[in-house]
Amino acid sequence: MRRQLKSIGAIYDWTREVITCLPEYYKWTQWFFLKLYEAGLAYRGKAPVNWCPHCQTVLANEQVVGEGVCERCETPVIRRDLEQWFFGITRYADELMQHDGLDWPERIKSMQRNWVGKSVGAEIAFALDHPGVEEKEIRVFTTRPDTTFGVTFMVLAPEHPLVARLTAPNRKAEVEEYIARSRQQTEIERLSTEREKDGVFIGAYVKNHLNGESVPIWIADYVLLSYGTGAVMGVPAHDERDFAFAQKYNLSIRVVVAPPGWQGEELEQAYVEAGTMVNSGQFDGLPSEQGAAAITDFLEKNGQGKSSVSYKLRDWLISRQRYWGAPIPMIYCLDCGIVPVPEKDLPVLLPEDAEFKPTGESPLKYNEAFVNTTCPRCGGPSQRETDTMDTFMCSSWYFFRYTSPHCDTSAFDSEKAGHWLPVDLYTGGAEHAVMHLFYARFFTKALRDMGLIDFSEPFTRLFNQGVIIVERQKMSKSKGNVITPDEYVSELGADAVRAYLMFIGPWEQGGEWNDSGISGISRWLTRIWNLVTSGYKQKTPGQVQDIEQTPRALSRVTHQTIRKVTEDLEKLRFNTMIAALMEFSNYLAKVRENGSVDDSDWKKSIDTLMLLLAPTAPHLAEELWQQTGHDYSIHNQPWPKWDPELAEDEEITLVIQVNGKLRDRIIVPASTTEVEAIQIAAESTRVKPYLEGKEALRKIYVPGKLVNIVVR
RNA sequence: GCCGGGGUGGCGGAAUUGGCAGACGCAGCGGACUUAAAAUCCGCCGGACCUAGUCCUUGUGGGUUCGAGUCCCACUCCCGGCACCA
């Protein structure tokens, strides 16, 4: 990896390299864990978690991709109830949806907003009166409180804690069987929208406060315990899932929001749009948007509900049953409970003699020297946490470490971090949208709230580079490169490879690797070599053929090229930047053939060409720089500046249209006025035939561009 | 289904605010050099026709405008993400 980066001429400050798996780095990763713990942002909790049977470890939600498979090995994940360490990323849900002041691609912002998944609605209580059950209500979350009069059933998640206690004796067998069945299913099966919704009536009821109706309670696995309250109100008339469920089990479907023109007929499908409220008591006649607020207010006054917000985002599960990753610096003491490792005892080192067994538990668990320790609080015998941290934890703060990579008294030097950060321009793949990029934002906000930094966002500008496709496979670090740049570097040189990758298409789009494409770039670099090294000879004025190559024209083209290349470079539009350099070198070749300028003008333009070429073809540019008698190094020279006056066109091509159709092009001085331009247009021999016998209604003039004569 | 991004020659792709569609390169064709080939250099290169020119052409259909690849409406196809989130 390092060798490849160097071979292609990438410039990094290797003195700042950090290696996240070394103790000098992960000591501070562990330190951050302790800080997050102190701040109440790291906690241990039991939850249904994602388990990868192949990697034998738990995964964060963000690391379950596609159809519910492991991000690393693509094995379908299953659910397990385990006690694990979590970070309270949900506390920053609202802030993570905001990207104010960030220059980020729309699609990444949208993926992050989507991942947070904010829904505004209400929590509504349904009265519960069940012998032997303490709870007097079940709360549901809904985005449509306006449809509360349309509730004809309630559905609990199968794992809902009340299910066992509420189930009627005669329903027990069926309910238990259903729960067992849904537990066995993989995430894919359970989440498939294709699947028919099924469920079981548990033989208990709640009461709808609004209309006093008794509502049967069902369980169904399309209701998720982890979202909202784990219970939903069934409104079949106005929700597609509830509609399907009601049809299957013959539950009644009551319209409470009338579609336009509704005459009381039965619905063929759920009506999910807004409408006028009906069958809703005192709320009848209200538009449903207003009805939602009115019902929420009404319930709130009676203590039977409140407005509420739900998120799809879950807390970040960071425990891993893996050897790699920093050990979680926590100790379990029989007397004191969970005790953090004191800062002075960091790092908690990974043992070097761990054994790897496919047990589904951390390899550290079987390493007695690691596990057994003494409690920092009471000194009694105790055991270490044996899980390690998600490696995304290491990458969530490495850019802070870059600002002071060898600091051994703190994770980073706050003053230096304040000076260098936030990162001006961050490039990376879009696949990090809801993983690394998301976690790094969370981490930055948490550090801010701890008072360690005074900014909120790690990366001001984000740019996603595209993927290079070779023989229908992507070139990628984690997937194993199908072809490596190495062979091309040794055959055609690093500069040709770099320039080709830039030229292949827009940087964010990637592109398909094509061998004849790179040979074209290689030919161009050869032409540049010849152009610069093969000398220049001015011809006597009489021999000069072409007026396009005057000294004035040369300086204009040179300065226009500086402008174009500089602007494209800032916008990371390398493909058009190289096109501009090609046009420039093509033009210089013509000047050279004509010999129409003097040596010093020629030399100035050639110097500019080399300087503009330096970021693209650093090796070639350096060599040519030396060959033309300059001092080492071209890469330490100031970037050329363009002079707006010299870049100014003296002549423009005036486009002449009649009724919007192109009829002529005339080269005129840039100083041509509107009156002159219109006159020139009208007198053009190509234009005249189109004006004859016609009445000119309008004459449109666009300065420096065109004249359009509208005739009838 | 929802969100985001796209559809331009044989191919990759250019085209500030609405103002010359196809920059630049690849492939192809013709020519020069050569005994020949490679390399290099020069020219042509969206389509049609009655080829000095005219007409058509930016996924499809409509609209706005003097003028639309660009703006608006509807549709369609492709890519990426999310997806029983109540």
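Below, chains carry the letters A, B, ... as their sequence lines are ordered, and counting in each starts from 1.
- Between A:Val257 and A:Thr147, the closest heavy-atom pair is CG2-CG2, 4.2 Å.
- One P atom belongs to B:G46, the other to B:A23, and the distance between them is 8 Å to the nearest Å.
- Between A:Thr566 and A:Trp642, the side chains place no donor N or O within less than 3.5 Å of an acceptor N or O (distance only, hydrogens not considered).
- Picking from B:G80, B:A15, B:U54 the nucleotide with the shortest atom distance to the side chain of A:Arg663 gives B:U54.
- For the pair A:Arg573 and B:C24, the criterion of a side-chain N or O lying under 4.0 Å from OP1 or OP2 is not met.
- Side-chain to base pairing of A:Asn114 with B:C82: no donor and acceptor N or O lie closer than 3.5 Å to each other.
- For the C1' atoms, the distance linking B:C45 with B:C82 amounts to 46 Å, nearest Å.
- Between the side chains of A:Thr152 and A:Ser252, no donor-acceptor pair of N or O atoms lies under 3.5 Å.
- Base orientation of B:G9: syn, since the glycosidic angle falls within 90° of 0.
- Look at A:Glu106 and A:Lys109 and you find a salt bridge, because one of the NZ, NE, NH1 or NH2 atoms lies within 4.0 Å of a carboxylate O, short of that distance.
- Looking at A:Tyr690 and A:Asn659, their side chains never bring a donor and an acceptor atom within 3.5 Å of each other.
- For B:A14, one of the phosphate oxygens OP1 or OP2 lies less than 4.0 angstrom from a side-chain nitrogen or oxygen of A:Asn575.
- Taking every side-chain heavy atom of A:Ser516 into account, B:A27 is the closest of B:G53, B:A27, B:C3.
- Checking B:G19, B:U40, B:A86 against the side-chain heavy atoms of A:Val702 singles out B:G19 as nearest.
- Across B:A21, B:A86, B:G25, the shortest atom-to-atom separation from the side chain of A:Leu662 is found for B:A21.
- Going from the P atom of B:A68 to that of B:C77 covers 28 Å, rounded to whole Å.
- Here B:G6 presents its C1' atom at 12 Å from CD of A:Glu508, a figure rounded to the nearest Å.
- Atom C1' of B:C26 sits at a distance of 38 Å from the matching atom of B:G62, rounded to the whole Å.
- Mapping A:Gly228 and A:Pro506 onto RNA chain B by nearest heavy atom places A:Pro506 at the nucleotide closer to the 5' end.
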With both pairing distances under 3.5 angstrom for Watson-Crick or G-U wobble, and | for a partner in another strand, the correct string for RNA chain B is (((((((..(((......[....))).(((((.......))))).((((...))))..(((((..]....))))))))))))....
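- Judged purely by distance below 3.5 Å, without hydrogens or angles, the side chains of A:Trp115 and A:Glu62 pair a donor atom with an acceptor atom.
- If you take atom P in B:A32 and the same atom in B:U54, they sit 34 Å apart, rounded to whole Å.
- Here, B:A86 and B:G5 have their P atoms 23 Å apart, quoted to the whole Å.
- Considering only side-chain N and O atoms, A:Asn586 lies under 4.0 angstrom from the phosphate OP1 or OP2 of B:G25.
- Taking only side-chain atoms of A:Asp239, from C-beta outward, the nucleotide of B:A86, B:G19, B:G13 with the closest atom is B:A86.
- Contact between the side-chain N/O atoms of A:Tyr587 and the OP1/OP2 oxygens of B:A23 is not found at any separation under 4.0 Å.
- Between A:Tyr227 and B:A86, a side-chain N or O to OP1/OP2 separation shorter than 4.0 Å is present.
- Proximity note for A:Val232 (side chain, C-beta onward) versus B:G12, B:A86, B:C82: the nearest is B:A86.
- Regarding contacts with the backbone of B:G67, every side-chain N or O of A:Arg698 stays at 4.0 angstrom or more from both OP1 and OP2.
- Comparing B:C3, B:G19, B:C55 by their nearest atom to the side chain of A:Ser110 picks out B:C3.
- Of all nucleotides listed (B:A15, B:C84, B:C55), B:A15 comes nearest to the side chain of A:Thr576.
- Defined by atom type and a distance below 3.5 Å, a donor-acceptor pair is present between the side-chain atoms of A:Arg314 and A:Ser226.
- With B:G4, B:C84, B:G19 as the candidates, the nucleotide lying closest to the side chain of A:Asn708 is B:G19.
- Residue whose closest nucleotide on RNA chain B sits further toward the 5' end, between A:Thr229 and A:Arg686: A:Arg686.
- For the OP1/OP2 pair of B:A86 and a distance below 4.0 Å, the side-chain nitrogens and oxygens of A:Ser119 include at least one atom meeting the criterion.
- For the 3.5 Å distance criterion, the side chains of A:Tyr500 and A:Asp515 fail to qualify, holding no donor opposite an acceptor.
- The side chain of A:Leu224 lies closest to B:A86, out of B:A86, B:U40, B:C55.
- A:Phe245 has its ring centre less than 6.0 Å from the ring centre of A:Phe153.
- Within 3.5 Å, a donor on the side chain of A:Gln657 pairs with an acceptor on the base of B:G19, or the reverse.
- For the pair A:Tyr690 OH and B:G67 P, the interatomic distance rounds to 18 Å; values are reported in whole Å.
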